Amino acid sequence: MSVYQLDEVFNEAQIPTLTYVPPAEAKQLRASLKTKGKHVTLVKASGSGKSTVAEKILAEVYPDPNRVHKFSGRTYTTESSVISILGKEFQEEPSAAAVEPWLQAFDLVVIDDVHHLSFEARQELARMLKLWHEKGIKFLLIGIAKTSDQILGSDPELAIRNDVHTLAAQDADFLKEVLLKGEVALNVEFDDSFEAAAVSAAKGLPAIFQAMCRIACVECDVECTEPKRKPVKTELSAIGRSVVRMFDPKYFLRLVGLAQGRRQARAVHDTFFEIVDALGRSSKTQISKPELYRKIVGSVQDPELKKRKSTSFYRAMDSLQKTIEERKLDDILIFESDTLSIDDPLFRFYLDHVDFDRIRSLVKIRKDEYEYDVAVSFAGEDRPQVAALVSALEGRGVEVFYDFNESARLWGKDLEVELARIYAQEARFLVLCLSKNYPVKDWTRFELDIGSRAAKKRPAEYLLPLRLATDLDPIVGLKETIGYQTMTTQGDVDRIAELLLTKVTRWDVDKLGPNDTPLLH
């Protein structure tokens with residue numbers, strides 16, 4: 001009897017030599033790779049086994065590895081030109097004339113993780129593929145996407161020169177065959193209940209299934225082929241944490257980042273965490289904006305709290321796709337047409353099993369009644385300076401009440417009533433942007449009066465005077481003994497933004513409870 005090590009049999013990270021089962025798409029993919037004058041694109045989600053299938057078939061169709069050139073799109077994520085990328089690959093100048101002889105020297109050029117190339121590089125690649133097919137140059141592109149159009153666009157001229165294969169999720173029979181091969185190689189027998197649970201939980205993803213089988217063997221002390229038939233009996237729940245830990249490096253910090261939202265200083269009503277939590281508990285690959293609203297806001301009974309949470313929810317929705325991109329989750333999640341979708345089934349599995357209390361401990365830093373970190377009061381003539389400050393603050397993750405950003409909320413409202421409530425009840429600090437125009441405007445006098453009355457009820461500083469000029473007379477109604485800052489140059493804008501970020505962050509730390517944890521930065 002041959003003796004095999006466990007990682008030779010079940011291995012989610014490498015090509016499973018002993019438990020490889022060709023998917024139904026393998027025959028057509030092999031035929032396309034053998035067809036001259038055709039490029040080939042293989043797409044599907046992470047964990048679907050596309051790289052494994054490609055490697056197996058490549059070894060059959062191109063037995064001489066020296067005739068195939070491979071590289072990964074991950075290496076060139078910042079490059080905007082595929083010609084430049086190929087120039088670096090072959091150590092040539094970045095021109096078609098220089099790289100094409102190299103391309104013609106190989107039977108096949110493989111770009112794995114092609115979806116990691118920039119949009120500009122992929123667009124250029126699509127254009128060049130139409131020309132290169134006429135010069136006997138053949139490409140195999142492997143990437144994560146729902147369709148090849150997401151990788152190369154939808155050019156009909158390219159379509160006839162490029163065979164596209166989409167690797168579907170595998171059925172239960174496929175996974176059971178993988179398990180059977182593993183049982184034979186290791187001389188073990190998996191419990192029927194584990195088999196059924198693992199097949200269901202894997203959702204057709206070979207990588208997940210391989211991981212569960214390997215970890216189950218480890219739990220039952222199977223490290224290599226057993227001399228006698230050995231039962232493997234374990235509960236899926238017992239190995240779930242181990243599977244999650246395996247994918248933590250890939251997903252956890254990015255998931256925490258999304259749950260924190262765009263703010264570095266705080267999380268308003270924990271809205272982004274609640275979005276992530278709702279998605280995690282839904283067990284769906286898609287969840288609509290109305291459904292998220294019902295889960296996050298709909299159950300709130302207190303009318304005032306519900307109003308504030310509703311405002312926070314819609315602001316979070318407005319910035320959700322941008323946040324997904326900033327947290328580098330756009331290859332996993334997409335928010336479009338008012339629907340949040342998971343493009344990566346591995347990530348869906350991870351959400352199903354990750355401990356959300358771990359995420360909560362890194363996101364929920366305090367209990368705070370304020371919707372905004374900062375509100376700004378200013379005269380209309382000073383809007384350019386104030387807008388620059390608002391932009392700098394938002395770039396640092398500070399939540400700012402700024403009228404232009406709240407046009408929909410303010411439209412049709414009694415502004416005296418609405419602004420009085422926002423400045424007095426929803427803003428933690430009120431920045432008074434003082435200039436020669438400030439004391440002569442009706443609205444700024446009104447805002448200063450609101451702020452002065454609110455300041456008397458606050459236990460800590462609330463009014464933050466900011467002088468936009470150096471030669472200002474005293475402002476009636478504002479104590480001259482209050483500390484102030486000056487912002488007259490572009491350099492001052494960043495300095496003031498950093499000071500405000502520090503002030504907001506220190507305020508958060510002062511409010512931490514014994515069981516709260518500050519945000520990651």
Side-chain angles (χ1 to χ4, degrees), residues 14-15 17 20 22 25-44 49-145 148 150-153 155-167:
Q14 297 179 3
I15 296 175
T17 305
Y20 173 73
E25 299 83 357
K27 289 182 179 180
Q28 293 299 324
L29 177 60
R30 183 183 294 106
S32 292
L33 286 171
K34 287 182 174 181
T35 302
K36 294 182 179 180
K38 280 270 193 177
H39 302 299
V40 182
T41 300
L42 178 61
V43 297
K44 194 46 182 147
K50 59 193 177 306
S51 296
T52 297
V53 174
E55 288 293 334
K56 281 286 187 180
I57 297 176
L58 283 175
E60 298 173 15
V61 179
Y62 301 97
D64 182 358
N66 294 319
R67 302 295 302 163
V68 177
H69 183 79
K70 304 176 188 176
F71 67 92
S72 172
R74 293 177 184 270
T75 309
Y76 300 105
T77 56
T78 61
E79 295 287 340
S80 60
S81 166
V82 73
I83 296 295
S84 176
I85 290 169
L86 293 170
K88 291 183 178 181
E89 271 295 299
F90 300 124
Q91 298 182 358
E92 291 284 355
E93 66 178 58
S95 69
V99 301
E100 284 177 359
W102 284 94
L103 298 175
Q104 291 169 322
F106 293 99
D107 294 334
L108 183 70
V109 178
V110 181
I111 307 180
D112 199 0
D113 292 321
V114 68
H115 57 283
H116 280 284
L117 296 182
S118 69
F119 175 78
E120 293 80 9
R122 285 185 280 115
Q123 289 293 100
E124 184 184 36
L125 175 60
R127 292 194 300 270
M128 297 307 298
L129 287 177
K130 292 186 290 184
L131 301 175
W132 284 336
H133 114 100
E134 297 173 355
K135 298 182 178 182
I137 297 169
K138 187 178 182 75
F139 273 81
L140 168 61
L141 310 176
I142 305 171
I144 295 174
S148 64
Q150 292 180 329
I151 293 177
L152 296 175
D155 188 338
E157 291 186 22
L158 177 59
I160 62 175
R161 298 172 174 86
N162 178 40
D163 279 353
V164 177
H165 298 274
T166 302
L167 201 59

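Please read all numbers here as calculations on a predicted model, not as lab measurements.
- The number of heavy atoms from other shown groups lying within 6.0 Å of CD (Glu120) is above 12.
- One finds the CD1 atom of Ile85 at 8.0 Å from the OG atom of Ser80 (value rounded to the nearest 0.5 Å).
- For Glu92, the side-chain contact (heavy atoms from CB on, under 4.5 Å) partners at least two apart in sequence or on another chain are Phe90, Ala98, Trp102.
- Counting heavy atoms from C-beta outward, Trp132 and Leu125 have side chains that approach closer than 4.5 Å.
- Evaluation of the side-chain contact (heavy atoms from CB on, under 4.5 Å) rule for Lys34 yields Arg30, Val61 as partners, not counting sequence neighbours.
- Separating the CD atom in Glu60 from the CG atom in Leu33 is a distance of 10.0 Å, to the nearest 0.5 Å.
- Residues Tyr20 and Val53 meet the side-chain proximity criterion, which asks for heavy atoms closer than 4.5 Å.
- One finds the CD1 atom of Ile142 at 8.0 Å from the NZ atom of Lys70 (value rounded to the nearest 0.5 Å).
- The distance from atom CG of Leu141 to atom CG of Asp112, rounded to the nearest 0.5 Å, is 10.0 Å.
- Between Asp107 atom CG and Ile137 atom CD1 the span is 12.5 Å, to the nearest 0.5 Å.
- For Ile57 against Ala26, the heavy-atom pair with the smallest separation is CD1-O, 3.5 Å.
- Lys130 contributes atom NZ, which lies 10.0 Å from atom CD1 of Ile160 (distance to the nearest 0.5 angstrom).
- Remark: Tyr62 engages no residue in a ring pair (Phe, Tyr, Trp, His ring centres under 6.0 Å) (not counting sequence neighbours).
- By the 4.5 Å heavy-atom criterion applied to side chains, Glu124 and Ile83 are counted as neighbours.
- Applying the salt bridge (charged side-chain N to carboxylate O under 4.0 Å, His left out) definition to pairs two or more places apart or across chains, those involving residues 75-84 are Glu79-Lys88.
- Listed by chain and residue number, nothing satisfies the side-chain contact (heavy atoms from CB on, under 4.5 Å) test with Ala59 (two or more places apart in sequence, or in another chain).
- Between the side chain of His133 and the backbone N or O of Lys38, no donor-acceptor pair lies under 3.5 Å.
- Between Phe71 and Ile111, the closest side-chain pair of non-hydrogen atoms falls below 4.5 Å.
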Just do the side chain to side chain contact (heavy atoms under 4.5 Å, CB included) check on Leu129 and Asn162 with the steps written out, would you?
-> CA-CA 9 Å; Leu129 287 177; Asn162 178 40; 5.6 Å; no

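- Between Ser84 and Pro94, the closest heavy-atom pair is CA-CB, 3.8 Å.
- The two residues Ala105 and Arg67 come nearest to each other via the heavy atoms O-NH1, 3.1 Å.
- With His116 contributing its side chain and Gly73 its backbone, the two residues share no donor-acceptor pair below 3.5 Å.
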What's the verdict on side chain to side chain contact (heavy atoms under 4.5 Å, CB included) for Leu58 and Leu108, showing C-alpha distance, side-chain angles and the deciding distance?
-> CA-CA 10 Å; Leu58 283 175; Leu108 183 70; 3.3 Å; yes

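- Applying the side chain to side chain donor-acceptor pair (under 3.5 Å) rule to pairs touching residues 134-143 yields Glu100-Lys135, sequence neighbours excluded.
- Across every non-hydrogen atom of Ala31 and Thr35, the tightest pair is O-OG1, 2.8 Å.
- Residues Asp163 and Ser32 approach most closely at OD2-OG, 2.9 Å, considering heavy atoms.
- Each of Val109, Val68, Val110 was scored for a side chain to side chain contact (heavy atoms under 4.5 Å, CB included) with Leu140, with one residue passing: Val110.
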